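Okay, so here's the structure we're looking at.
In what follows, chains carry the letters A, B, and so on, assigned in the order in which the sequence lines appear, proteins first and then strands, with residues in each chain numbered from 1. Hydrogens, waters and symmetry mates are skipped; everything else that's a heavy atom, side chains included, is used. This is a predicted model, so every value here is computed, not measured.
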2 protein chains.
Amino acid sequence: MDGDTRETIRAVALELFSNKGFEQTSLREIAERVGLTKASLYYHYSSKQSLLLAVVEPVITGWRTIVDDTARLEHTPENVRHVVGRCLDVFLRNRSVAGIFQRDAAGVAVVLGELWDDMVGLGKRLVAWFAGPAPTTADRLRAVAAMEVLGAVLSSTTYQDEDEFTEEEMRAVLSQAAMDVLRLSAEPAASGVRRLG
Amino acid sequence: MDGDTRETIRAVALELFSNKGFEQTSLREIAERVGLTKASLYYHYSSKQSLLLAVVEPVITGWRTIVDDTARLEHTPENVRHVVGRCLDVFLRNRSVAGIFQRDAAGVAVVLGELWDDMVGLGKRLVAWFAGPAPTTADRLRAVAAMEVLGAVLSSTTYQDEDEFTEEEMRAVLSQAAMDVLRLSAEPAASGVRRLG
DNA sequence: GTCTATAGATTGATAGAC
DNA sequence: GTCTATCAATCTATAGAC
């Protein structure tokens, strides 16, 4: 059935890390849930840190690809929308892992070490690209805010019950919201008047 | 000089909790930094949990006041802007404490127990108010995104160097950005055209 | 590959002298 | 109020039999 024990361990670790936090999850608990002893985990992963890496690294790689691609992309509204869409895709397809970074930054930063610094560097580069060429401080601040808007994909479960939003709706609404924050929206925001549902 | 040892301990704990995370900070380290022994801390605080409470509780109280006040506030653009401003004020005046919640949610949630659930409840109420009466799912999603925009006050130091933004600029830019996300902005967003600096 | 057993370190917390 | 000394629990990680 479960041909790959190593993958089962990774899946259980992902679930526990994202629900309880990295430091709050012990190898004993992971082992119990998998149906092994603590010692057996060490046959598959050399340390708790390497287990976290296995959980987290694929997502970081995908993230790095997006940011690297922006280096060759001109900062046009269409391109910004495209990059925003790619970011949302990564978050949507890796909600659990991305949630670890969002809700447990303090816990994983120390363990990831330089890799964490790399990620922060990627975030800075993306924010800088969002801000556009020759940005004012207001532009840079809006770029930070736009990044936070994308993170709403992950926190929506905190503020709302269950899976209230579909993936398509999150993609549509949040990419529009990010463009609004960056003031690159094609459709101007309603001016003080609320449309009726 | 330091008339109040208890307050010194609280200040050191706040600094360490917000920089390294709650679980990653040991009482030994706090004691060292204060210039006391671990045991002496227990004369002033009965547990590590109670120390966290002392650090965090005043901010939660201020937060609760804002949310409670919205119960008697009609959802008009002016009122929304007012509430957004009050939220930004709380974050700006308590950057360190608020940063603990943002970057170490996994670490403090377990320790705060019911108090954490209360805070999540407050967040949900505020998001619901931001979404307005009879909201669509898109309205609710934008309300979540607007909350995230306010959190940009705290993450701006992660994405940018040092204190690049003044408090006034953060207040102005981010409250406008939040209104844009909620589509309650008085000034419509530029339509695809970037103004030059 | 999985197990039992244990090392080695750290932590939060307490007892009791001063 | 602060100290020394210590407890009990928990954790990551390793050694070695099967």
Would you mind reading off the distance between [X] atom [atom1] and [N] atom [atom2], rounded to a whole angstrom?
X	N	atom1	atom2	value
Y42(A)	dA13(D)	OH	C1'	5 Å
E29(A)	dT12(D)	CD	C1'	15 Å
R28(B)	dA13(C)	CZ	C1'	15 Å
I9(A)	dT2(C)	CD1	P	8 Å
Q24(B)	dG12(C)	CD	P	11 Å
K38(B)	dT4(D)	NZ	P	12 Å
H44(A)	dT2(C)	NE2	C1'	8 Å
D4(A)	dG1(C)	CG	C1'	13 Å

Kindly point out which of [options] is positioned nearest to the side chain of [X]?
X	options	value
L36(B)	dT12(D), dT2(D), dT11(C)	dT2(D)
Y43(A)	dT2(D), dG1(C), dT12(D)	dG1(C)
T5(B)	dT11(C), dT14(D), dT2(D)	dT2(D)
L27(B)	dA13(C), dT2(D), dT4(C)	dA13(C)

Under a 4.0 Å threshold between the charged nitrogen and the carboxylate oxygen, would [Y] count as salt-bridged to [X]?
X	Y	result
D180(B)	R183(A)	yes
D68(A)	R125(A)	yes
D89(B)	R86(B)	no

Within the structure shown, what part of the strands sits under 4.0 Å from S50(A) by heavy-atom distance: base, sugar-phosphate, or nothing?
nothing

Heavy atoms under 4.0 Å, any strand shown: does S40(B) hit a base, just sugar-phosphate, or nothing?
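Answer is base: heavy atoms of S40(B) come under 4.0 Å of a base.
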
Looking only at non-hydrogen atoms, find the nearest pair between V111(B) and F22(B) and report the distance.
CG2-CE2, 3.4 Å

Taking only the side-chain nitrogens and oxygens of T37(A), find out if one of them lies under 4.0 Å from OP1 or OP2 of dC3(C).
yes

Do the two ring centres, one from F91(A) and one from W63(A), sit under 6.0 Å apart?
yes

